[in-house]
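Here's the structure, in structure tokens; my notes come after.
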Amino acid sequence: MIQNYYASLEKIRINWLRNILIGMCFIYLISLSSFVFTGAEILKLAPLLGAVLIYVTAYLGMKHSRLFATAEVMEPSPAHFQQKNDNYRNSTLGEDRKQEILFKMKDCMQHEKLFTDNKLTLPKLAARMEVSTHHLSQVLNENLGQTFFDYVNEFRVKEVQKLMIDPAYAHYSLLGMAMEAGFNSKSAFNTAFKKHTQQTPLEYRNSFQQKHEIKSDPIGKGASW
């Protein structure tokens with residue numbers, strides 16, 4: 001669901017929810033142990049641990065407020081519950097309107113380069129396009145077979161590929177190019193780049209440079225063996 005609404009996930013990871021659940025289970029087991037180990041000193045820790053867990057939950061919830069701020073617009077895609085051919089079967093969105101949304105979305109990405117906004121979300125793009133988030137999500141899932149996350153990051157990867165061959169960015173590091181394209185972190189950039197090109201950014205750049213050298217030196221005088 002998060003990948004259907006966000007193009008960058010670094011600040012909204014929810015692994016912490018799993019850790020809180022583990023903590024809750026641990027405290028619950030301590031409480032259950034009272035039926036076996038009456039009078040055990042560890043039982044006195046249960047209320048304290050419970051209080052700590054409440055405060056930790058509140059702190060992490062505020063820290064990840066970006067996720068909860070748009071929680072009201074997030075709803076499970078029918079793909080989570082039905083077969084693919086049943087998705088959005090009650091939608092009134094016609095094929096002509098889908099193509100119109102696709103064209104406008106592509107225009108926003110290619111010409112306005114909205115993907116360079118590292119805080120871009122589905123609701124934000126939908127507002128710019130003046131369409132509903134549900135219809136935009138439907139077009140992405142049905143017509144392109146992509147989540148919003150993958151769609152935006154594919155444009156970011158292509159932008160980095162362009163910057164790699166642009167002399168104006170020759171002094172930029174790979175991470176610098178990634179930031180220019182809208183990525184938030186090195187790990188997110190590397191993961192997305194490899195997913196869309198089957199190569200790491202460094203492998204891709206070295207491969208391009210090698211091809212360029214071979215092309216400029218067709219008889220192989222500059223080749224090293």
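Residues take their numbers from the sequence shown, with the count starting at 1.
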Quick one: does [X]'s side chain get under 4.5 Å of [Y]'s, heavy atoms only?
X	Y	value
V160	F189	yes
Y151	L144	yes
Q146	V152	no
N143	Q99	yes
L174	M164	yes

Please tabulate, one pair per line, all N/O donor-acceptor pairs under 3.5 Å involving side-chain atoms of residues 100-109, not counting sequence neighbours.
| residue | atom | partner | partner atom | Å |
| --- | --- | --- | --- | --- |
| E100 | OE1 | R97 | NH1 | 3.4 |
| E100 | OE2 | R97 | NH1 | 2.8 |
| K104 | NZ | M129 | O | 2.9 |
| D107 | OD1 | H111 | ND1 | 2.7 |

I need the minimum non-hydrogen distance between [X] and [Y], along with the two atoms involved.
X	Y	answer
G182	R156	O-CZ, 3.4 Å
N141	T147	OD1-CA, 4.4 Å
A168	H171	O-CE1, 3.1 Å
A188	F183	O-CE2, 4.0 Å
S137	L122	CB-CD2, 4.0 Å

Rounded to the nearest 0.5 Å, how far apart are [atom1] of [X] and [atom2] of [Y]?
X	Y	atom1	atom2	value
R128	E130	CZ	CD	7.5 Å
E180	K162	CD	NZ	14.5 Å
N118	N184	CG	CG	4.0 Å
N153	K195	CG	NZ	8.5 Å

Next on the checklist: Keeping S207 on the side-chain end and E203 on the backbone end, is there a donor-acceptor pair under 3.5 Å?
Outcome noted: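 Between the backbone of E203 and the side chain of S207 there is no qualifying donor-acceptor contact (under 3.5 Å).
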Next on the checklist: Please determine whether residues M177 and L202 belong to a single hydrophobic cluster, defined as Ile, Leu, Val, Met, Phe, Trp and Tyr linked transitively by side-chain heavy-atom distances below 4.5 Å.
Outcome noted: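 Same cluster: M177 reaches L202 through Ile, Leu, Val, Met, Phe, Trp or Tyr contacts under 4.5 Å.
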Item to check | Aromatic ring pairing F155/F115, orientation class (parallel under 30°, perpendicular over 60°, tilted between) | outcome: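 The arrangement is parallel - the two ring planes meet at less than 30°.
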Checklist entry - Is the NZ atom of K98 crowded by more than 12 outside heavy atoms at less than 6.0 Å? => result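 Buried by this count: over 12 neighbours within 6.0 Å.
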Checklist entry - F193 pairs by side-chain contact (heavy atoms from CB on, under 4.5 Å) with which of T197, T191, N190? => result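 Single side-chain contact (heavy atoms from CB on, under 4.5 Å) partner of F193 among T197, T191, N190: T197.
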